[in-house]
Amino acid sequence: MPPTLASLVHHSALKLTVRAGEDRLDVPVRWAHVSELADPVPYMEGGELLLITALKLDAENPEAMRRYVKRLVGAGVVGLGFAVGVNYEDIPEALVEAAAHEGLPLLEVPRRTPFLAISKAVSAAIAADQYRAVTAGFAAQRELTKQALTDGPEGLLSALASQVDGWAALYDASGAVVATAPEWAGRRAARLTADVERLRERPAPASSVVGGPENEDRVELHSLGTGRRPRAALAVGTAAALGTAERYAVHSAIALLTLTTERSRSLHAAEQRLGAAVLRMLLAGEPDHARAVAGDLYGSLLDAPFRIIVAESVSVSAVRVPGEGDSARAPVAKPSAAALVAAEAEGDALGALAEVMESAAARAGEAVLVVPEGERLVVLAADGGAAVGACGEYAGVLEAARAVAEQGAAAGEDELVVGVSAPTGPIAAAAAYKHAEQALSVARRRGRVYVEHEQLAAGSVVPLLADDAVKAFADGLLRPLYEHDATGRGDLVASLRAWLSRHGQWDAAAADLGVHRHTLRYRMRRVEEILGRSLDDPDVRMELWLALKAAAAE
């Protein structure tokens with residue numbers, strides 16, 4: 001504990017006597033300062049014991065003393081020491097009454113006690129308090145290190161909560177609560193998710209103090225990690241501001257958790273290299289070798305149906321804005337705080353997606369294989385698991401944000417597109433990878449964030465005709481017919497559409513057009529002559545029908 005007025009009064013060598021403010025002697029003293037100025041307030045910082053002899057004061061003037069004492073109290077001076085036997089044989093009654101009225105402790109300093117002795121006593125007490133704090137801090141550091149080595153982050157949090165007489169919580173990169181100590185603090189920690197998200201927006205290391213609602217704890221938030229973006233965050237809740245010893249404990253916890261985080265990053269990189277090898281073996285049709293290499297790390301992932309997810313970060317200019325002809329959108333999941341955090345990750349869409357999926361898998365205790373490949377991310381995740389759900393949820397957040405921003409992202413920005421395969425197993429991994437790439441291609445063409453391969457079979461092929469290459473083919477194939485119709489010598493395009501829609505039934509198609517069937521037969525012969533193709537060929541009929549549909553989609 002720092003020195004207080006009470007400890008100075010009880011100091012046997014100082015022989016101080018209390019003349020006023022007896023009920024406020026438990027106030028800490030930050031320093032002892034001597035000043036004979038008539039107004040020393042501009043030089044005070046608060047918490048001082050001011051020592052005077054009243055050399056320049058009208059100490060017997062009640063009004064002057066009331067003003068003097070009132071200013072001292074307003075400046076945060078915690079006590080006034082008056083040396084008797086120097087300028088005054090006794091403390092003037094005007095000063096005693098003013099101090100008593102303002103509740104300012106007034107100490108009588110005997111002539112044989114020099115001010116230097118009081119300053120030394122305060123300084124020694126402060127030094128002793130700091131030494132105790134440092135010693136306690138080192139002891140806390142040893143305990144925290146021991147718990148971190150034996151019980152991991154959970155043990156460290158438990159030790160930290162005990163050291164600060166409060167609670168502690170650890171958040172992952174997505175802002176989700178990973179662990180708390182004691183357990184009852186989980187609900188309090190969850191309420192700070194939005195504050196953790198705001199902290200994540202600042203470069204590491206960063207910290208903030210959260211003043212909760214009335215009667216709530218004072219909470220300090222600290223980012224963890226040495227990279228551009230925080231890898232995790234620590235929350236420490238206490239009833240009051242941290243003391244020196246508690247501050248040492250928190251700083252030690254931050255260092256240990258940062259070290260753990262960076263070490264985990266190195267292990268994570270090694271796991272990714274192993275995962276990349278497993279993926280290459282699966283795609284090469286070597287599931288047995290892949291299972292042997294996967295071992296305990298990814299073995300459970302290969303023992304049940306999984307999905308292959310392929311994601312790319314593409315330029316906005318390469319993403320087509322969806323139109324009315326697009327098939328039904330994928331279900332948009334309700335955005336969670338974790339997904340929102342990831343969605344705001346400084347332009348690194350693939351990194352944010354990887355963090356969201358890995359965090360979700362870690363909380364669910366499931367394996368997930370994430371392989372970055374330049375501007376592409378390949379993921380193997382358990383079908384129906386937390387990682388796949390988090391991917392869909394994250395995509396839903398981006399999809400909703402894109403819908404709100406009617407004109408899409410600003411020029412030059414990159415956007416995420418994701419293709420997801422159907423559930424598969426190790427033997428069919430190569431085919432599933434192709435299916436995920438097909439879904440990715442459709443997502444890119446439709447201006448979508450997220451497309452599952454099952455949606456392609458359940459939807460229609462018509463929206464795919466909006467591709468520029470298909471439109472160019474349709475324009476080239478039908479142009480001779482349009483040029484013929486422009487001369488006013490018949491309506492070959494409309495006749496061809498009616499005939500194909502009626503599967504070559506002359507009477508039905510002629511009735512739709514309101515012409516005689518012989519007229520329709522003549523027009524179809526002209527189509528064959530102009531195009532140089534036979535309508536008896538089913539491939540020709542298919543190409544013409546798709547060309548007509550592509551032209552109608554413009």
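With a 6.0 Å radius and a threshold of 12 heavy atoms from other residues, nucleotides or ligands, Y248 has its OH atom at or below the threshold. Counting non-hydrogen atoms of other residues, nucleotides and ligands closer than 6.0 Å to CD of E36 gives a total above 12. Within 6.0 Å of CD on E183 lie no more than 12 heavy atoms contributed by other residues, nucleotides or ligands. Atom CD of E60 sits in a sparse spot, with 12 or fewer heavy atoms from other residues, nucleotides or ligands closer than 6.0 Å.
How far CD1 of I52 is from CG of L95: 6.0 Å, rounded to the nearest 0.5 Å. Distance OG1/T238 to CD/Q163: 13.5 Å, rounded to 0.5 Å. In this structure, the separation between CG on L377 and OG on S313 is 10.5 Å, given to the nearest 0.5 Å. Interatomic distance, D39 CG to Y68 OH, rounded to the nearest 0.5 Å: 8.5 Å. Here the straight-line distance linking atom CG of L157 with atom CG of L160 works out to 7.0 Å at 0.5 Å rounding. To the nearest 0.5 Å, atom CG of residue L14 and atom NZ of residue K120 are 12.0 Å apart.
Counting heavy atoms from C-beta on, the side chains of L50 and S35 come closer than 4.5 Å. Residues V378 and I309 have side chains not in contact (no heavy-atom distance under 4.5 Å, counting atoms from C-beta outward). Between F306 and D383 the shortest side-chain heavy-atom distance does not fall below 4.5 Å. Side chains of V418 and L353 form a contact here, defined as non-hydrogen atoms less than 4.5 Å apart. L274 is listed as a side-chain neighbour of V293, based on a closest heavy-atom distance under 4.5 Å. Counting heavy atoms from C-beta outward, W31 and I126 have side chains that approach closer than 4.5 Å. L279 places a side-chain heavy atom less than 4.5 Å from the side chain of L380. Here the side chains of R376 and V310 are in contact, with some heavy-atom distance below 4.5 Å.
Not one N or O on the side chain of S162 forms a donor-acceptor pair closer than 3.5 Å with the backbone of A159. With E48 contributing its side chain and H33 its backbone, the two residues share no donor-acceptor pair below 3.5 Å. Put simply, the side chain of R30 gets close to the backbone of G46: a donor and an acceptor are under 3.5 Å apart. Distance alone, capped at 3.5 Å, is enough to place a donor-acceptor pair between the T258 side chain and the I254 backbone. The closest donor-acceptor contact from the side chain of S123 to the backbone of S119 lies at 3.5 Å or more, if one exists at all. Between the side chain of T193 and the backbone N or O of A190 there is at least one donor-acceptor pair closer than 3.5 Å. Listed for the H101 side chain is no donor-acceptor partner under 3.5 Å among the backbone atoms of E97. One N or O on the side chain of S359 and one on the backbone of E355 form a donor-acceptor pair closer than 3.5 Å. Put simply, the side chain of S223 gets close to the backbone of A206: a donor and an acceptor are under 3.5 Å apart. Side-chain N or O atoms of E366 include one that pairs as donor or acceptor with a backbone N or O of A387 at under 3.5 Å.
Ion pairing of E108 with R19 is present here, as a side-chain N (NZ or NE/NH1/NH2) and a carboxylate O approach within less than 4.0 Å.
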Give the C-alpha distance, both sets of side-chain angles, the deciding distance and a yes or no for side-chain contact (heavy atoms from CB on, under 4.5 Å) between N61 and M65.
CA-CA 6 Å; N61 186 327; M65 287 301 95; 5.6 Å; no
For V250 and V164, what are the C-alpha separation, side-chain angles and deciding distance, and is it a side-chain contact (heavy atoms from CB on, under 4.5 Å)?
CA-CA 8 Å; V250 171; V164 300; 4.1 Å; yes
Carefully, step by step, assess W167 and W184 under the rule side-chain contact (heavy atoms from CB on, under 4.5 Å).
CA-CA 9 Å; W167 59 271; W184 54 258; 4.0 Å; yes
side-chain contact (heavy atoms from CB on, under 4.5 Å), that's the test. Do L16 and I118 meet it? Break it down for me.
CA-CA 10 Å; L16 303 178; I118 299 175; 4.1 Å; yes
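The two atoms that bring V370 and A354 nearest to each other are CG1-CB, 4.1 Å, heavy atoms only. Nearest heavy-atom pair across A390 and V356 is CB-CG1, 3.7 Å. Residues A99 and L106 come closest through the heavy atom pair CB-CB, 4.0 Å. Between A235 and V219 the shortest heavy-atom distance is CB-CG1, 4.1 Å. Between A94 and A59, the closest heavy-atom pair is CB-O, 3.5 Å. Contact record, L170 with A232: CD1-CB, 4.4 Å, taken as the closest heavy-atom pair.
Side chains of N87 and T53: a donor-acceptor N/O pair is present below 3.5 angstrom, by distance only.
With sequence neighbours excluded, the residues satisfying salt bridge (charged side-chain N to carboxylate O under 4.0 Å, His left out) with E220 are R218, R247.
Residue V210 forms a side-chain contact (heavy atoms from CB on, under 4.5 Å) with just one option from D217, V196, L221, L199, and that option is L221.
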